[in-house]
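Step one of this worksheet: look at the structure below.
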2 protein chains.
Amino acid sequence: MKEIILSQVYQHPLISTEDLRRIIDAHEPRSFSKGEHLYKRGKVLNEYLVLESGLIRSFTHNYQGDEITTDFFGQYEVVIEVLSLFQRTALQEDLQALTDGCGWTISYDVFQELFHAIPGLSEWGRLWMTNKLFQFKQKSIDIITQSAKERYLDIVTNKPQIIRHAPLKQIASYLGITDTSLSRIRKDIS
Amino acid sequence: MKEIILSQVYQHPLISTEDLRRIIDAHEPRSFSKGEHLYKRGKVLNEYLVLESGLIRSFTHNYQGDEITTDFFGQYEVVIEVLSLFQRTALQEDLQALTDGCGWTISYDVFQELFHAIPGLSEWGRLWMTNKLFQFKQKSIDIITQSAKERYLDIVTNKPQIIRHAPLKQIASYLGITDTSLSRIRKDIS
DNA sequence: AGCATTTCTTGCCATAGGGTAAGAGTGCTC
DNA sequence: GAGCACTCTTACCCTATGGCAAGAAATGCT
């Protein structure tokens, strides 16, 4: 399973079979249970996690202290807060498991070594960042151009695991609306 | 001037004076005038531009064909659309000058060479991406947690050049509101 | 099973911001 | 310097979403 997941994630033309072997070997297993806080706000992130199964969310708080869910992570996704990991600063978000699950972690130091030793990995990392950057840019455009209902239906279609496992309030804060409004939207749809 | 701007931008502990020399030498001058479309939607971006002076905006269109300004770039900033440059895909946005100005460009091929030859540059690139990623993530959080007025005041305080040079309609679409609303907000403030 | 807690729904009214259109101000062009 | 195009303001009314609160449903704990 480890091979299947990781060779899927680290797919890149410049990463040879040999390189891939080194990368895979550098990952350690990690499992977690529902509700567990995997990484906590205030600490510096020292690893990232490639998800094999389960659902994880990242969240922060607004000035009123309400939780705002900023992202969800599912299978084959990389659970990370880049600012903390690469800038070696304190996490500004919490990462919490919404279901039981497991995956593979790699530490900052080991990743750093491979990043400079394997040209394909630095290319891969750049592409990963590029995609993630695009996602967030798109998200901020979507918030201003689409209605809450459209954005909700988008999740229903493209990320149904979120609907299945995350409580309404978390989905609502991710969409930028209140749980009350999301409840009404649901009613309206059905 | 070239040295001042570029050594400021490419500041990183792992970039030696020698490395910096190579990086600076790889940049070509580029000037532009108000209203000019520097890079056009549909083409693959083949370089990026470090701004010495002037103001540039990136914009796209929503499904109704209205322009949406997605970003503004000022002095010392890197004018780029990462998805197009690094993924070698067609630009999804236009980049247009709001004022006369100039800066320094570096081509994809040359950057690519230096990226792999100079470890400090790949670190620098990763940090740059990290910051940009954070900016967009923050922007999407701000849109859902702050009122349009608060976001406008934020620009007034932190990016006053935008207020000075960009027409109201572009600022409004950047904020995610209509020009009508922004006009009311302005009135309300004064 | 029984109780407590959290999650979700619904109703009432409030408000930020949108849609449209008219008019004022500004600057460009021939 | 008259006409034109663009930008900005303002007024009218409308809609999506919020705030609050009560109740219903689901979940978890002992």
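Just so we're clear, the structure is a prediction, and the values are computed from it rather than from any experiment. Naming: A, B, ... by sequence-line order, numbering from 1 per chain.
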> Hey, does B:Gly176 reach any base, or is it just sugar-phosphate, or nothing, if we go heavy atoms under 4.0 Å?
Replying inline: sugar-phosphate
>> Taking B:Leu38's backbone N and O only, do any of them form a donor-acceptor pair with B:Glu36's side chain (distance below 3.5 Å, no angle check)?
In response: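 Side chain of B:Glu36 to backbone of B:Leu38, a donor-acceptor pair under 3.5 Å: no, none is there.
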> Between B:Tyr10 and B:His27, does the ring centroid distance fall short of 6.0 Å?
Replying inline: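 Aromatic pair counts; centres sit under 6.0 Å.
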>> Would B:Arg151 and B:Tyr174 count as a cation-pi pair here, with the cationic atom under 6.0 angstrom from the ring centre and within 45° of the axis?
In response: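 No; the conditions do not both hold, so B:Arg151 does not lie above the ring face of B:Tyr174.
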> Whole Å only: how far is the CG atom of A:Asp66 from the P atom of D:dC20?
Replying inline: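 Whole-Å distance recorded here is 11 Å.
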> Atom CD1 of A:Ile177 to atom P of D:dG19: distance rounded to whole Å?
Replying inline: 12 Å
> Would you say the side-chain atoms of A:Arg30 and A:Thr105 include a donor-acceptor pair closer than 3.5 Å?
Replying inline: no
> Hey, quick one: are A:Phe59 and A:Ile171 part of the same hydrophobic cluster, counting side-chain heavy atoms closer than 4.5 Å, chains of contacts allowed?
Replying inline: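 Looking at the clustering, A:Ile171 is in a separate group from A:Phe59.
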>> Quick one, B:Tyr48 and B:Tyr108 - any side-chain contact, counting heavy atoms below 4.5 Å?
In response: no
> Is any NZ, NE, NH1 or NH2 atom of the basic residue among A:Glu18 and A:Arg21 found under 4.0 Å from an Asp or Glu carboxylate oxygen of the other?
Replying inline: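 No, A:Glu18 and A:Arg21 are not salt-bridged.
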> Residues two or more places apart in sequence or in another chain: which of them pass side-chain contact (heavy atoms from CB on, under 4.5 Å) with A:Gln11?
Replying inline: A:Gln8
> Tell me, for nucleotides 6-16 of chain D in 5' to 3' order, what letter each nucleotide earns: B for a base near a protein heavy atom under 4.0 Å, S for only sugar-phosphate near one, - for neither?
Replying inline: --SBBBB----
> When you list every nucleotide of DNA chain C with an atom under 4.0 Å from a heavy atom of chain B, which one comes first 5' to 3', and which comes last?
Replying inline: C:dG17 to C:dT20
